[in-house]
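Just below is one structure, and these are the notes that go with it.
Below, each value reflects all heavy atoms present in this structure, side chains not excepted, and no hydrogens, waters or symmetry copies. Given the structure is predicted, the values throughout are model-derived calculations rather than measurements. Quick note on labels: first sequence line is chain A, next is B, and so on, each numbered from 1.
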There are 2 protein chains.
Amino acid sequence: MGQTGAPRGRPRTFDRDAALTQAMRLFWERGYEATSLNELTEAMGIRPGSLYAAFGDKRSLFKEVVHAYARSSVGAFIGIALKEEPTAFRAFARILHQAAAIYPDPSHPAGCLTISAATNVTVQDAEIAVFLRDLRNANLMVFHDRLRTAQQEGELPPGADPRALAGYFAVVIQGMSQRARDGADATELAAIADMAMAAWPEAEPGRSSPN
Amino acid sequence: MGQTGAPRGRPRTFDRDAALTQAMRLFWERGYEATSLNELTEAMGIRPGSLYAAFGDKRSLFKEVVHAYARSSVGAFIGIALKEEPTAFRAFARILHQAAAIYPDPSHPAGCLTISAATNVTVQDAEIAVFLRDLRNANLMVFHDRLRTAQQEGELPPGADPRALAGYFAVVIQGMSQRARDGADATELAAIADMAMAAWPEAEPGRSSPN
DNA sequence: CTCATTGTAGAGCGATCGCTCAATAAGTTG
DNA sequence: CAACTTATTGAGCGATCGCTCTACAATGAG
């Protein structure tokens, strides 16, 4: 047992992960529908038959791309910050500043794949739009949870509204992704991140945020 | 002179404005590329030949739709608020709250057409994406100008950064449009608008905003 | 009336879309 | 070696894309 099992039949002639990365870049840059099978096979260096054998149809390839993206450094920074930072304030401040640095980074397409890859979609691909929307709304729930516990722990004042705050950060992050796609650079986005954090509640008395 | 000129030839059998409105709804809901000529002609109640005679090709139809949108109540509220409100603070507060009410309004597709109609686009339609991006960036400049004069007039403290503030409001508005498309309702967006206005600078001393 | 002008209707153009399939190649197994 | 299994190749499927063209209808001008 535990035997890996010798691979049978003709071995693959391409690197599956590398091909997936190329597909990710295309979907990330152009979005789901605007990326054609022709462009995909060319970028991945394979023929349609190989693509369908290795990844299934375009839909499932895209979903696998999204999962790979979520596991990548660019896609995972939000969850990591929420896990590592001791306070909600520090977590969201870090998230916004990392987004400001990552979204316009020229080493990959601008903005967040999850936010922008399926905003315009035909009826027959509505499933893909719903798939990404659910992902975004799930992320919103994670924000909500973190802020609710922050309130229970006393970091947030009782008068604060965790749900509105979660929506606010989701809005700022999605807006920053859009602005990065419109050409905003890291410096501009960092200034925006600072502005956005100024809305953190309970700054009234002494402006001493739970640092 | 001044003669309107009697229309020659066979008169049009459809209402051009009504047809344009139908095209707007489709582009607004699905985006530029995801809306097909087939859907357009069906929704507008005309045949392809009539569409091309009256509006030119798909590109120019879309551009005319965008101009009509900008003149509509849904598309023009930002400019109106900037013109009517005496202070920048009141203008942006009004803009955010109107966006919160308008973007999720069920009487039309969610969000802002200018923001979401061409985020994913193939290479051959890149011109359309650039067209909308330029529109968004022009709007950002309007924000910047308004905030710069607010600073010159003393409404904004000297330490404030009008450029960052303009980018911040652009981010919040674009994010609110996205959230509306993801299903956020007017109540939720209004709470977010309140949160966002709390970032307005120079709230330090007495929290008395220039109301 | 005839003529010129404009609009409509419907068929269908070439190109591209996502995708499939038969033939062949390249491995392991016995 | 032959048998089996899987991958690659390249042609090409039906459907849809944006768009055009021809035949005909409806108006005003003369």
> Looking at DNA chain C, which of residues 36-48 of chain A put a heavy atom within less than 4.0 Å of it?
Replying inline: S36(A), L37(A), N38(A), P48(A)

> How would you list, by chain and number, every residue that makes a side-chain hydrogen bond (donor to acceptor under 3.5 Å, both in side chains) with D161(B), sequence neighbours excluded?
Replying inline: none

> How would you list, by chain and number, every residue that makes a side-chain hydrogen bond (donor to acceptor under 3.5 Å, both in side chains) with D182(A), sequence neighbours excluded?
Replying inline: R136(B)

> For F62(B), which residues count as a ring pair (Phe, Tyr, Trp, His ring centres under 6.0 Å) partner, sequence neighbours excluded?
Replying inline: F27(B), Y32(B)

>> Restricting to ring pair (Phe, Tyr, Trp, His ring centres under 6.0 Å), what partner residues turn up for Y103(B), sequence neighbours left out?
In response: none

> Rounding to a whole Å, what distance do you find between Y52(B):OH and dT22(D):P?
Replying inline: 17 Å

> Mind checking what makes side-chain hydrogen bond (donor to acceptor under 3.5 Å, both in side chains) contact with R47(B), not counting sequence neighbours?
Replying inline: none

>> How many whole angstroms separate atom CD of Q124(B) from atom P of dC19(D)?
In response: 10 Å

> Can you give the first and last nucleotides of DNA chain C, 5' to 3', that have an atom under 4.0 Å from a heavy atom of chain A?
Replying inline: dC17(C) to dT29(C)

>> Assess the residue pair K58(A) and D125(A) against the criterion (salt bridge (charged side-chain N to carboxylate O under 4.0 Å, His left out)); give the C-alpha distance rounded to whole Å, side-chain angles, the decisive distance to 0.1 Å, and a yes or no.
In response: CA-CA 11 Å; K58(A) 192 186 174 188; D125(A) 281 322; 5.7 Å; no

> What are the residues of residues 8-23 of chain A, sorted by number, that bring a heavy atom to within less than 4.0 Å of DNA chain C?
Replying inline: G9(A), R10(A), P11(A)

>> Could you work out, with side-chain hydrogen bond (donor to acceptor under 3.5 Å, both in side chains) as the rule, every residue matching T149(A), not counting sequence neighbours?
In response: R146(A)

>> Listing request: all salt bridge (charged side-chain N to carboxylate O under 4.0 Å, His left out) pairs with a residue in residues 7-25 of chain B, at least two apart in sequence or in separate chains.
In response: R16(B)-E64(B)

Validation: residues 186-194 of chain A side-chain donor-acceptor distances under 3.5 Å, sequence neighbours left out:
from: E188(A); atom 1: OE1; to: R163(B); atom 2: NH2; distance (Å): 3.3
from: E188(A); atom 1: OE2; to: R179(A); atom 2: NH2; distance (Å): 2.7
from: D194(A); atom 1: OD1; to: H97(A); atom 2: NE2; distance (Å): 2.8

> So what does T35(B) touch, heavy atoms closer than 4.0 Å: a base, only the sugar-phosphate, or nothing?
Replying inline: sugar-phosphate

>> Restricting to ring pair (Phe, Tyr, Trp, His ring centres under 6.0 Å), what partner residues turn up for H108(A), sequence neighbours left out?
In response: W28(A)

